[in-house]
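To keep things clear, I will list the structure first and then write my remarks on it.
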Amino acid sequence: MYAIVDIETTGGHANANGITEVAIRIHNGTEITERFETLINPGINIPVYIRALTGISNEMVQKAPSFSEVAPRIFHLLRDKIFVAHNVNFDYSFLRHHLSAAGFDLQTKKLCTVRLGRKILPGLPSYSLGKFCNHLGIVNTSRHRAAGDAEATAILFSMLLQNDKEGHIKTSLNNRSKEQSLPPNLAKADFDKLPFTAGIYYFHNSKGKVIYVGKAKNIKKRVFSHFSNNSPGRQKQEFLRDIYSISYKECGTELMALIHEAVEIKRLWPANNRSLKRYEHAYGLYLFEDQNGYKRLAIDKCRKSLSPLYTFNYILEGHNLLKKLISEFNLCARLCFVQSGHACHPGEGHECRVCTGQEPSLSYNQRIDAALSELKNSLPSFLVVDEGRSVHERSCVLMVNGKFYGAGFLESIPQNKDLDTIKSRLTPYPANDYIRNLVYSHAQKFPDKIMML
């Protein structure tokens, strides 16, 4: 038995909106055997645009029952049936959410007439309920009202049952089928082609624009997790409705997937990615020359207009490094902005020759250059070598003097460890502290995968 459902609501997501009307048609696979419909008082104001679309006003629902009053009847009608609706996950998420609030746990199989229509009657210009019904000659005299749309969906479902020569409905109801969990506008073929390997995946909207980039150790499993968790929130429901296609890129390892995800989010700026968009360098070590010709080092917040010599997650990390350089190379703490006042105090019994005017800029700047050279040489250059996308290649992530340079896949690693040769065979990518920390963390965890250069 099937329960063909349509609802009207105060908005597009269940956890902040109410239901204003429910219509259920019980269908035995041949015809409708029972009809149920009711207005519902949502307990909140019906927005103007909803009133204009559905014709349901606040006055119409004022004396209607609350959802909790009709929940037992609705649950009784749905609990042992196959739940059928046009864009089924919308109706199902609303009813499941509000039934749960009333103390009922709805767990049923689902069928989506949008998805079934694309399979059983392919090639139509639109599968929206109104245009789909018009194409098939189904008359709906009460569009955007639950009873009218449920009646039209029931007729549509009967036609799909009659024309299902290849058994798509039976296949969709198979426990192994993921068909009804997929977004309404996503072709199952797009999902079926996804690999069970590490990589990144892209969700595209109706115009082909990337709206989300994700990474995974198992692309197919991770993508399905987006759809199986049918949250009633606005963000999740709008996100699912916007997905029309999926593409992917295999990366071989989780580290490569993490790096490519960070790079692609920065490059594409997808609407539904948030966490990595704002990840920037926090602080940087800067070099400049003052009006007296002295080179000066400073720790400051990273700015787009300046290129730091080195970056840090925390300002304390930067100050500790700067103090170390001051001590080892006898630098002026005042010129490095570590001490204030007219003269710095490097230590008891000593005086700063720069502050007392005894050291010219030329000799002091040589010590600054030596400090920066030592800093550069102390930062390691290495390759992270790991599994590739096939047995014939290896994934490689390159760090040069402590900074992320780029990554790629090589069939063979240069035995002479020549840095320029390795660079020429990898793709350079923009660097940030997030990626640098990923690589260092991986290197500490898997020292056997490190090749020092």
Side-chain angles (χ1 to χ4, degrees), residues 1-9 14 19 21-40 65 67-121 127 129 132-133 136 138-140 142 145-182 184 188 227-228 230 232:
M1 296 287 283
Y2 305 93
I4 299 167
V5 181
D6 192 85
I7 63 173
E8 302 302 331
T9 70
I19 297 173
E21 191 173 34
V22 175
I24 300 172
R25 300 294 184 260
I26 303 303
H27 194 291
N28 64 7
T30 303
E31 61 184 358
I32 295 172
T33 60
E34 185 178 353
R35 289 177 170 87
F36 170 83
E37 58 201 60
T38 181
L39 285 169
I40 293 175
F67 187 87
S68 62
E69 291 179 81
V70 295
R73 174 68 171 147
I74 291 173
F75 180 71
H76 176 77
L77 288 169
L78 299 178
R79 64 178 179 176
D80 56 352
K81 313 295 191 306
I82 296 168
F83 191 109
V84 182
H86 207 70
N87 186 5
V88 69
N89 288 320
F90 174 81
D91 300 78
Y92 189 82
S93 70
F94 258 92
L95 286 174
R96 190 171 187 271
H97 177 77
H98 286 280
L99 282 169
S100 177
F104 298 93
D105 182 22
L106 182 64
Q107 298 285 349
T108 67
K109 291 185 176 182
K110 299 176 291 181
L111 286 173
C112 178
T113 50
V114 177
R115 301 194 63 79
L116 290 174
R118 293 181 190 277
K119 286 180 172 292
I120 297 170
L121 299 172
Y127 290 89
L129 184 59
F132 199 0
C133 287
L136 298 175
I138 300 170
V139 178
N140 183 353
S142 188
R145 288 297 299 271
D149 286 351
E151 199 76 20
T153 303
I155 298 170
L156 170 60
F157 184 62
S158 293
M159 297 178 72
L160 293 173
L161 283 167
Q162 293 167 10
N163 288 275
D164 186 19
K165 309 302 182 185
E166 298 181 13
H168 292 296
I169 293 175
K170 182 178 179 181
T171 301
S172 296
L173 292 173
N174 188 303
N175 288 332
R176 294 184 179 181
S177 173
K178 296 177 171 59
E179 180 79 36
Q180 303 312 312
S181 296
L182 301 182
K188 190 168 185 290
F227 311 145
S228 58
N230 191 18

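Positions are given from 1, in the same order as the sequence printed here. From a predicted model like this one, the values you see are computed outputs, not experimental measurements.
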*Side-chain contact test, heavy atoms from C-beta onward, threshold under 4.5 Å: evaluate it for V88 versus V84 and give yes or no.*
no
*asked:* One thing to verify: whether E151 and R25 come together as a salt bridge, which I'm taking to mean a side-chain N less than 4.0 angstrom from a carboxylate O.
replied: yes
*For side chain to side chain contact (heavy atoms under 4.5 Å, CB included), just list the numbers for M159 and L121, CA-CA rounded to whole Å, side-chain angles, deciding distance to a tenth of an Å, and then say yes or no.*
CA-CA 10 Å; M159 297 178 72; L121 299 172; 5.7 Å; no
*Would you indicate whether the side-chain heavy atoms of V70 and P65 approach each other to under 4.5 Å?*
yes
*Within-4.5 Å side-chain heavy-atom neighbours: R73 and T38*: no
_Over all atoms of both residues, closest heavy-atom pair of L78 and L99_ = CD1-CD1, 4.5 Å
*asked:* Is there a side-chain contact between N87 and L129 in this structure, where contact means two heavy atoms from C-beta onward sitting under 4.5 Å apart?
replied: no
*Do side-chain atoms of H86 reach the backbone of Y127 as a donor and acceptor pair under 3.5 angstrom?*
yes
*With under 30° as parallel and over 60° as perpendicular, where do the rings of F83 and Y92 fit, or are they tilted in between?*
perpendicular
_Please find the pair of heavy atoms, one from A154 and one from I32, that lie closest to each other, and give the distance._
CB-CD1, 3.7 Å
*How are the rings of F94 and H98 set relative to one another: parallel (under 30°), tilted (30 to 60°) or perpendicular (over 60°)?*
parallel
_When you compare the side chain of I19 with that of L95, does any pair of heavy atoms fall below 4.5 Å?_
yes
*Do L160 and L111 have side-chain heavy atoms sitting under 4.5 Å apart?*
no
*Is there a donor-acceptor pair closer than 3.5 Å between any side-chain N or O of S93 and the backbone N or O of N89?*
yes
*Minimum-distance pair of heavy atoms, taken over all atoms of K119 and K188*: NZ-CB, 4.2 Å
*Where is the tightest heavy-atom contact between A85 and V5, given as atom of each residue plus distance?*
CB-O, 3.5 Å
*Got a donor-acceptor contact below 3.5 angstrom from the E21 side chain to the A146 backbone?*
yes
*Taking every non-hydrogen atom, the tightest pair across T113 and F132*: O-CE2, 4.0 Å
*Evaluate the side-chain proximity of R118 to V114: yes if any heavy-atom separation is below 4.5 Å, no if none is.*
yes
*asked:* For a 4.5 angstrom cut-off between non-hydrogen side-chain atoms, does N140 reach R145?
replied: no
*Sole candidate of D149, V22, I24 that passes side-chain contact (heavy atoms from CB on, under 4.5 Å) when paired with D6*: D149
*Count the heavy atoms of every other residue, nucleotide or ligand shown that sit under 6.0 Å from CD of Q107, and state whether that count exceeds 12.*
yes
_Closest contact, heavy atoms only, A71 versus A102_ = CB-CB, 3.7 Å
*Roughly how far, to the nearest 0.5 Å, is NZ of K109 from CG of N174?*
7.5 Å
